[in-house]
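Model, not experiment: these values are computed from the prediction. In each ligand, atom 1 is the first atom listed, and ligand 1 is the first ligand listed.
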Amino acid sequence: GDIIVEPLIRTTISDDRGEEPRYVGYAASELCEKGYGIEDVIGLLWNKKLPSKEESEIIKRIIMISADHGPAVSGAFGSIIAACAGIDLPQAVSAGMTMIGPRFGGAVTNAGKYFKYGVKEYPNDIPGFLNWMKQNVGPVPGIGHRVKSVKNPDKRVKYLVDYVTNQTTLHTPCLDYALEVEKITTAKKDNLILNVDGTIGCILVDLDFPEYSLNGFFVLARTIGMIGHWIDQNNQNSRLIRLYDYLINYAVKEEREV
Ligand code: Q5B
């Protein structure tokens, strides 16, 4: 008789059993032909929805603005060190990727999650929200920057906030809430601004992207930059990096006899 096999996995996003891949039912070539962009493919594969033109423009700007932030940041620096050690592209990029976490670039998901929580549970009580965060979570994801501050604002953040609020019709409760939080945190300390992770996290929540997808935007965007740094170092035939002694504080014991 027939042998019934339980499927090993279940997918709800794509299907390649026909002539070409279909993303949530849409043929990839047809999307290209009809003028859709990578931001629409992201909407399909990450949120199972074709974004509106206005939503696509926001997604595109999020990716463009977070694609790179120079060589000094943890991710690019990790990829550059790897490139200089002669490591191949995928591994060098994954060295940089490894840096994406709660302090660097990987605060997008939790920023979206907790600001959304604040909107729901502490709508008119930001001090209450900050107190809850302090007791239950720790530093507020999406707030704070190593070098950007009220006196040295992050142009990326200003641009995205301005674009979304003044040039689109998107309803932005999460972003509005985070900007109110920023007013209180920056009054305490100049660098406790709404950072790029927090800004994109809130905009993506307002765009109705699923919580689990949010860090994916930074990961995807920054992959573009990390690949760029790997190519750049290879083009220059860069040498192996070894830190000079003056860059290290050797807080070790004096030489001793055993
Ligand atoms: N404090 C980002 O810290 C950083 C606080 C806070 C309450 C906070 C810190 C943080 C949350 C995680 C986050 C994304 C580690 C950052 C990014 C992409 C990037 C990177 C680039 C790019 C910086 C000093 C004092 C302490 C802390 C208090 C700090 N943050 N309190 N909520 N969120 N943020 N990450 O300056 O009393 O002195 O003990 O963890 O959103 O990654 O460009 O570089 O595009 O590549 O090193 O933009 O803010 O300060 O950690 O020594 O703290 O401030 O409790 O208080 P710092 P810390 P106290 S965007």
Legend entry - atom 27 (C) of ligand 1 within contact range, any protein heavy atom under 4.0 Å: no
Inset, instruction - Mark whether atom 56 (O) of ligand 1 lies under 4.0 angstrom from at least one protein heavy atom. - result: no
Legend entry - Those atoms of ligand 1 less than 4.0 Å from some heavy atom in Gly142: 13 (C), 41 (O)
Legend entry - Protein contact of atom 12 (C) of ligand 1 - nearest heavy atom, named by residue and atom, plus distance: Pro102 O, 3.2 Å
Inset, instruction - Look only at interatomic distance and state if Val140 has a nitrogen or oxygen under 3.5 Å from any nitrogen or oxygen of ligand 1. - result: yes
Inset, instruction - Would you verify that at least one protein heavy atom lies under 4.0 Å from atom 35 (N) of ligand 1, or report that none does? - result: yes
Inset, instruction - Could you check atom 5 (C) of ligand 1 against the protein and tell me its nearest heavy-atom contact, residue, atom and distance included? - result: Leu192 CD2, 3.5 Å
Inset, instruction - May I ask you to identify the nearest protein heavy atom to atom 11 (C) of ligand 1, giving residue, atom name and distance to one decimal place in Å? - result: Ile143 O, 3.3 Å
Inset, instruction - Would you kindly check if the NZ (Lys) or CZ (Arg) of Arg61 is within the cone defined by 45 degrees around the ring axis of Tyr159 and under 6.0 Å from the six-membered ring centre? - result: no
Inset, instruction - Hey, could you give me the NZ/CD1 distance between Lys155 and Ile65, rounded to the nearest 0.5 Å? - result: 8.5 Å
Legend entry - Winner among Arg146, Arg103, Arg156 once heavy atoms are compared against atom 23 (C) of ligand 1: Arg146
Legend entry - For atom 49 (O) of ligand 1, the option (of Gly198, Ala72, Gly144) bearing the nearest heavy atom: Gly144
Inset, instruction - Looking only at non-hydrogen atoms, find the nearest pair between Ile62 and Ile203 and report the distance. - result: CD1-CG2, 4.0 Å
Inset, instruction - Could you check which of Ala107, Ala76, Ala111, Gly101 puts a non-hydrogen atom nearest to atom 13 (C) of ligand 1? - result: Ala107
Inset, instruction - Mind telling me whether Trp132 and Tyr114 have parallel, tilted or perpendicular rings, with 30° and 60° as the class edges? - result: tilted
Inset, instruction - Can you see which heavy atom on Asp206 is nearest to which on His171, and at what distance? - result: CB-O, 3.6 Å
Legend entry - Protein non-hydrogen atom found under 4.0 Å from atom 20 (C) of ligand 1: yes
Legend entry - Distance flag for atom 60 (S) of ligand 1, protein heavy atom under 4.0 Å: yes
Inset, instruction - Might you confirm whether atom CG of Asn166 has over 12 heavy atoms from other residues, nucleotides or ligands at distances under 6.0 Å? - result: yes
Legend entry - Heavy-atom closest pair, residues Pro210 and Asn47: CD-OD1, 3.1 Å
Inset, instruction - Would you please determine whether Arg222 falls within less than 4.0 Å of ligand 1 on a heavy-atom basis? - result: yes
Legend entry - Heavy-atom protein neighbour under 4.0 angstrom from atom 1 (N) of ligand 1: yes
Inset, instruction - Please work out which of the three classes, parallel, tilted or perpendicular, describes the rings of Phe217 and Trp46, given edges at 30° and 60°. - result: perpendicular
Legend entry - Glu33 atom CD: more than 12 heavy-atom contacts under 6.0 Å: no
Legend entry - Protein non-hydrogen atom below 4.0 angstrom of atom 52 (O) of ligand 1 present: no
Legend entry - Selection from His69, Lys189, Met133, Lys148 by shortest heavy-atom distance to atom 43 (O) of ligand 1: His69
Legend entry - N-O pairing of Lys151 and Asp190 below 4.0 Å: yes
Inset, instruction - Side-chain contact test, heavy atoms from C-beta onward, threshold under 4.5 Å: evaluate it for Leu214 versus Val205 and give yes or no. - result: yes
Legend entry - Min N/O separation Gly105 to ligand 1 under 3.5 Å: yes
Inset, instruction - Could you tell me whether Ile3 atom CD1 has more than 12 heavy atoms of other residues or ligands within 6.0 Å of it? - result: no
Legend entry - Which residue and heavy atom of the protein sit nearest atom 50 (O) of ligand 1, plus the separation: Asn191 ND2, 4.7 Å
Inset, instruction - Answer with side chain, backbone, both or neither: which part of Asp154 has a heavy atom less than 4.0 angstrom from an atom of ligand 1? - result: neither
Legend entry - Ring geometry between Phe129 and Phe115 (parallel below 30°, tilted from 30 to 60°, perpendicular above 60°): tilted
Inset, instruction - Measure from atom 45 (O) of ligand 1 to the protein's non-hydrogen atoms and state whether any distance is below 4.0 Å. - result: yes
Inset, instruction - Find all atoms of ligand 1 within a distance of less than 4.0 Å from any non-hydrogen atom belonging to Val73, and give their numbers and elements. - result: 21 (C), 43 (O), 44 (O), 46 (O)
Inset, instruction - Would you mind listing which atoms of ligand 1 come within a distance below 4.0 Å of any non-hydrogen atom of Asp197? - result: 14 (C), 17 (C), 18 (C), 60 (S)
Legend entry - Test: Arg22 and Asp16 ion pair at under 4.0 Å: no
